[in-house]
Amino acid sequence: MQRWSEEVARDPRSLAFLPLARAYRKQGLRDASLHLCLRGLEAHPAHVEGHGLLAMLYLDDGDHERAADEWSMVLRVDTNNFEALRGMGFCYLEQDRLSKARQMLERAALLRPSDPTVQEALRVLGTRQEIVEKGLSSSADPAFGDDPWAVPTGEPVFMFDAGTEAENAGQQASSPAPEAMPPAAAPVSRPPPAVPITGPLPLDPTLLFDDLLNAGPLLAALLVDVNGMVLAGRLTEGVRGDPAVLGAVLGGAIGEATRTAHHLVLGVWRGILLDSEHAMLHLAPAGSDAVMVLAARRDAPAGWVLRASTHAVGQARQFMEEYA
Amino acid sequence: MNELFIAAVERLSRVAGVRGALLVEGETGVTVISDLREGVNETAVAALAASLFRRTAAASETADFGRLNTLQLEADDGHVVAVDAGELILVVVAEHDAQLGLVRYEAHRAAESLS
Amino acid sequence: MRGAELPQLVDALRGPIQVFVRESRVRIALLVSGAGQVLAQHGFARGYHVMNVASLAAATHASSHALAGLAGAGRWEHLYHGGRERQLFLAPLRTPVGELILVVIFDADSSLGIVRLFYENLEKEVSALPAFQDRNAKTDHGSFERDLEAGLEYTSPEAASED
């Protein structure tokens with residue numbers, strides 16, 4: 001942060017404004033982040049990520065209108081920006097502009113078919129359209145009340161998580177999430193099934209572990225070969241980074257673990273649990289030439305991560321057999 | 001300081017299921033202090049555990065997960081737990097059926113007492 | 001072991017040294033005679049003046065040996081130099097036909113602890129090589145050097161022609 005800060009102080013046009021503003025937001029320094037972001041956008045008015053961050057800052061304040069303005073700016077520059085499409089979809093949904101909301105959310109769903117927040121928004125949208133078609137006003141629906149962002153009791157929550165925007169990479173946001181949205185720590189951790197789910201595998205290998213990724217505090221689930229190449233899986237929405245990089249750097253640990261277990265006469269290694277500053281990681285061999293990498297939020301229970309890994313390894317083996 | 005190291009390592013070695021503990025220099029993988037049961041190869045444990053720790057720590061930082069605090073290697077016939085202790089690494093070798101939660105807890109306590 | 005048998009000696013050492021290089025992840029390992037001649041080289045030798053490294057290693061070995069004697073330290077185990085980018089490890093490797101010098105250069109992929117560990121393994125493997133079991137271990141230093149000279153052309157023609 002100090003480096004970015006010095007850079008911005010030295011050159012107000014520096015693009016370091018973005019990581020610094022993100023860091024400020026993460027620390028709950030909302031005003032400083034907003035100020036920095038606005039100043040940065042003065043110098044770089046078409047900076048997509050800058051507008052995206054500004055939208056999140058407005059959203060943090062519950063100012064959905066301004067957030068939507070910023071996302072529309074993003075979409076002018078980058079018509080396929082997932083975050084902006086999703087955000088705009090939510091804003092339109094909030095305003096009961098249902099056809100516009102569907103347009104945005106369906107485009108977002110095309111980009112990331114497995115995103116649970118988009119799927120959930122589309123479901124809510126469907127419910128509302130049904131109500132409208134039956135001649136009832138959506139605002140009359142007691143389940144939604146006055147605030148269309150509010151989630152009715154018993155409804156699955158929107159996982160539109162202001163705290164897990166790209167830069168957070170597994171950290172919880174220190175700034176409070178909007179009231180109607182669940183805070184970053186809120187996602188429900190369902191225990192992973194004890195045995196792997198058998199059945200048809202998804203055609204898209206990136207979706208292979210989506211049952212886990214959508215269920216709990218996971219940031220990433222990747223199947224990586226001995227050369228560090230990603231075979232299947234993905235990072236969760238909002239996690240910064242490139243799965244290929246994650247696979248490559250962690251894949252290198254396979255040989256190290258094998259060597260250690262062998263020379264310490266510990267037999268076959270079954271896993272490595274890494275407790276890092278921002279995340280908990282688990283690596284487990286999946287067959288003789290691949291490793292399963294799970295990354296979870298720092299506060300994830302270690303036991304849950306271990307079980308999730310066992311489950312994922314089962315899926316990975318099935319995948320490897322199928323596509324061998 | 002030396003006595004502190006010895007006390008921390010000895011305390012850890014007494015935990016049920018622990019085959020030994022040692023303090024290793026992170027950079028070189030050379031033992032500083034150890035208390036190991038007979039049959040445990042000190043040179044090997046120190047060098048290999050430190051190497052595994054260094055490599056995964058570098059991977060963790062490269063992947064933006066931050067500094068590595070604890071590593072736990074699970075294998076068929078035992079476990080290795082390594083905890084960051086500044087420039088040193090505290091390494092514990094445990095039996096397969098050791099209470100890993102307790103081992104990890106004691107290792108963290110010992111590492112904290114050193115920093 | 002006579003000069004004509006030197007190729008067998010180097011052949012017998014090739015496997016264990018290759019394992020050493022692979023397991024310890026060092027950049028290069030040289031097997032050098034007391035006279036500074038390269039008997040074998042493994043790893044990424046390009047970029048190093050192998051002959052110069054070997055000569056200096058032999059000189060270091062000799063002076064360390066003498067120093068250890070003067071200091072009453074007995075036989076030296078190994079020498080280590082930790083540089084910022086590269087690290088150097090020198091160790092005597094006893095074979096039934098005499099003492100050779102193992103010169104190892106490594107970087108952050110390895111560590112002193114790892115090199116020491118696999119050097120210990122190498123020593124054990126070398127001493128257990130079947131090729132050495134039936135040899136007379138009492139070859140004196142002079143005859144060993146002569147044997148080396150005789151066999152050098154086979155093992156390292158380049159080195160022999162440079163001398």
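Lettering of chains follows the sequences in order, A, B, ..., and the numbering in each one begins at 1. Computed from a prediction, not measured in an experiment: that's the story for all the values here.
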Colleague: Could you tell me whether B:Q99 atom CD has more than 12 heavy atoms of other residues or ligands within 6.0 Å of it?
Modeller: no

Colleague: Using a 6.0 Å cut-off, check whether atom CD of B:E95 has over 12 heavy atoms from anything other than its own residue.
Modeller: yes

Colleague: Is there a side-chain contact between C:L112 and B:E25, using heavy atoms and a 4.5 Å cut-off?
Modeller: no

Colleague: Give, as side chain, backbone, both or neither, the part of C:E120 having an atom under 4.5 angstrom from any heavy atom of chain B.
Modeller: side chain

Colleague: Heavy atoms only, distances under 4.5 angstrom: which of B:T28, B:V24, B:N41 has the most pairs with chain C? Name it, please.
Modeller: B:T28

Colleague: Can you see which heavy atom on C:I114 is nearest to which on B:L48, and at what distance?
Modeller: CD1-CD2, 3.8 Å

Colleague: Please flag which part of B:A46 lies under 4.5 Å from any non-hydrogen atom of chain C: side chain, backbone, both or neither.
Modeller: neither

Colleague: For C:H78, look at atom NE2 and say whether over 12 heavy atoms of other residues, nucleotides or ligands are found less than 6.0 Å away.
Modeller: yes

Colleague: Using atom types as modelled and distance alone, determine if a side-chain donor or acceptor of B:R54 lies under 3.5 Å from a backbone N or O of C:D109.
Modeller: no

